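Chain naming here is simple, since letters A, B, ... match the order of the sequence lines and numbering starts at 1 in each. Since the model is a prediction, treat every value here as computed from it, not as a measurement.
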2 protein chains.
Amino acid sequence: MKDFIHQNKVYYSPVEFAMAHIGGVWKIPIIVSLRTSGLRYGELKDRIAHISDKMLITQLRELEEKGMVSRTIYREKPPRVDYQLSEKGIQALPVIDLLASYGQVLMQTADIKYK
Amino acid sequence: MKDFIHQNKVYYSPVEFAMAHIGGVWKIPIIVSLRTSGLRYGELKDRIAHISDKMLITQLRELEEKGMVSRTIYREKPPRVDYQLSEKGIQALPVIDLLASYGQVLMQTADIKYK
DNA sequence: CTGGATCCTGTAAGATACTG
DNA sequence: CAGTATCTTACAGGATCCAG
């Protein structure tokens, strides 16, 4: 029995635990956008197509809570908030890259149409 | 614009496409269980803790439809059905392994309790 | 043994409008 | 600029019972 509990949620495997950190529709696009540099809220919103304010802010908060992303507030005017990848977030990049290349392999043999 | 369409669903990135093939709670446990050999329905059910008949069969059907798993029926009595990984499914294994090791790294710095 | 059928619920995610 | 607040919808997943 290797089930375990973290923050009142039961996980059945390390993979499921990893998925809690990078899964869902928006976490990976956010992490990838922060790969090369920290960005502020509006910059993230511009870079991630289709994302709404609600999803951007809730996913950022979850990533922050899990220690994947850190947030720096500069009390200027207008206000400025900067998001950066933390160590855990940086460690996710190789995993995401492999997922991306696997996705590309799958796309080669799939019936794909572009808009 | 790199959005694309596959089977009437819009995807925003290769990663999202990959996730459609291995994402959710049960697809990875199923794929991992089939890593070393084909298994029949009941063997899968025994090996995958907590899974219900409904989730096992629906996820197997989805994996089959996506070409990740193949299904062989032996018309014996009692009936016998064998599931094996296809080429696409085998290609997913390195990705899953990396996800697992990332999950283990995350677990080392997390506050985990065992049941 | 290998599934199917139904009903139900929780949560992710979308739409839209508003605010310090 | 950087978020909030509601309302609503979609779908994954759970529970239970049934069937060839």
_Rounded distance in Å - OH (Y12(A)) to C1' (dG14(D))_ = 10 Å
*So how far off straight is the helix from dC1(C)-dG20(D) to dG20(C)-dC1(D), going by the axes through five pairs at either end, to 10°?*
50°
*asked:* Show me the pairs that pass salt bridge (charged side-chain N to carboxylate O under 4.0 Å, His left out) and involve residues 84-101 of chain A, at least two apart or across chains.
replied: R35(A)-D97(A)
_Students often mix this up, so state it plainly: with edges at 30° and 60°, are the rings of F17(B) and Y11(B) parallel, tilted or perpendicular?_
perpendicular
_Quick check for you: among dG3(C), dG3(D), dG20(C), whose closest atom lies nearest to any side-chain atom of I57(A)?_
dG3(D)
_Polar side-chain contact K54(B)-dG4(C) base: donor and acceptor under 3.5 Å_ = no
*Residue met sooner reading DNA chain C from 5', once G24(A) and P78(B) are mapped to nucleotides*: P78(B)
*Can you tell me if D53(B) and Y41(B) form a side-chain donor-acceptor pair at under 3.5 Å?*
yes
*Do we see a donor-acceptor contact under 3.5 Å between the side chains of T72(A) and Q84(A)?*
yes
*asked:* What I'd like to find out is whether the side chain of L98(A) reaches to under 4.5 Å of the side chain of L99(B), using heavy atoms alone.
replied: no
*Less than 4.0 Å between a side-chain N and a carboxylate O, is that true for E64(A) and R61(A)?*
yes
*asked:* Between C1' on dC11(D) and CG on N8(B), what's the gap in Å once rounded to a whole number?
replied: 17 Å
*Which comes earlier along DNA chain D counting from the 5' end, the contact point of L60(A) or that of V25(B), where each point is its nearest nucleotide?*
L60(A)
*Provide, to the nearest angstrom, the distance between the CD1 atom belonging to I48(A) and the C1' atom belonging to dG3(D).*
15 Å
*Distance test, side-chain N/O of R71(B) to OP1/OP2 of dG3(C), below 4.0 Å*: yes
*asked:* What is the separation between atom CG on L56(A) and atom P on dA13(C), rounded to the nearest whole Å?
replied: 13 Å
*asked:* Below the 4.0 Å mark, does dC1(D) have OP1 or OP2 next to a side-chain nitrogen or oxygen of R40(A)?
replied: no
*Under-4.0 Å side-chain N/O to phosphate OP1/OP2 contact, Q59(A) with dA12(C)*: no
*Can you check whether R61(A) has a side-chain N or O nearer than 4.0 Å to OP1 or OP2 of dG3(D)?*
yes
*Starting from P on dG3(D), measure out to CD1 on I51(A) and report it in whole angstrom.*
13 Å
*Would you kindly give the CG-to-C1' distance between D53(A) and dA13(C), to the nearest whole Å?*
14 Å
*Heavy-atom check, side chain of D3(B) versus side chain of H50(A), under 4.5 Å*: yes
_Quick check: any donor-acceptor pair below 3.5 Å linking the side-chain of K45(A) to the base of dA2(D)?_
no
*Which part of the nucleic acid, if any, lies within reach of E43(A) when heavy atoms closer than 4.0 Å are counted: base, sugar-phosphate only, or nothing?*
nothing
*asked:* So, does Y83(B) get its side chain near the phosphate of dG3(C), meaning an N or O under 4.0 Å from OP1 or OP2?
replied: yes
_Looking at K113(A), I'd like to know if its NZ atom is crowded, meaning that more than 12 non-hydrogen atoms belonging to other residues, nucleotides or ligands lie closer than 6.0 Å._
no
*Roughly, in whole Å, what's the span from NZ in K9(B) to C1' in dA12(D)?*
13 Å
*Return the value, rounded to whole Å, for the distance between atom CG of L39(A) and atom C1' of dA2(D).*
14 Å
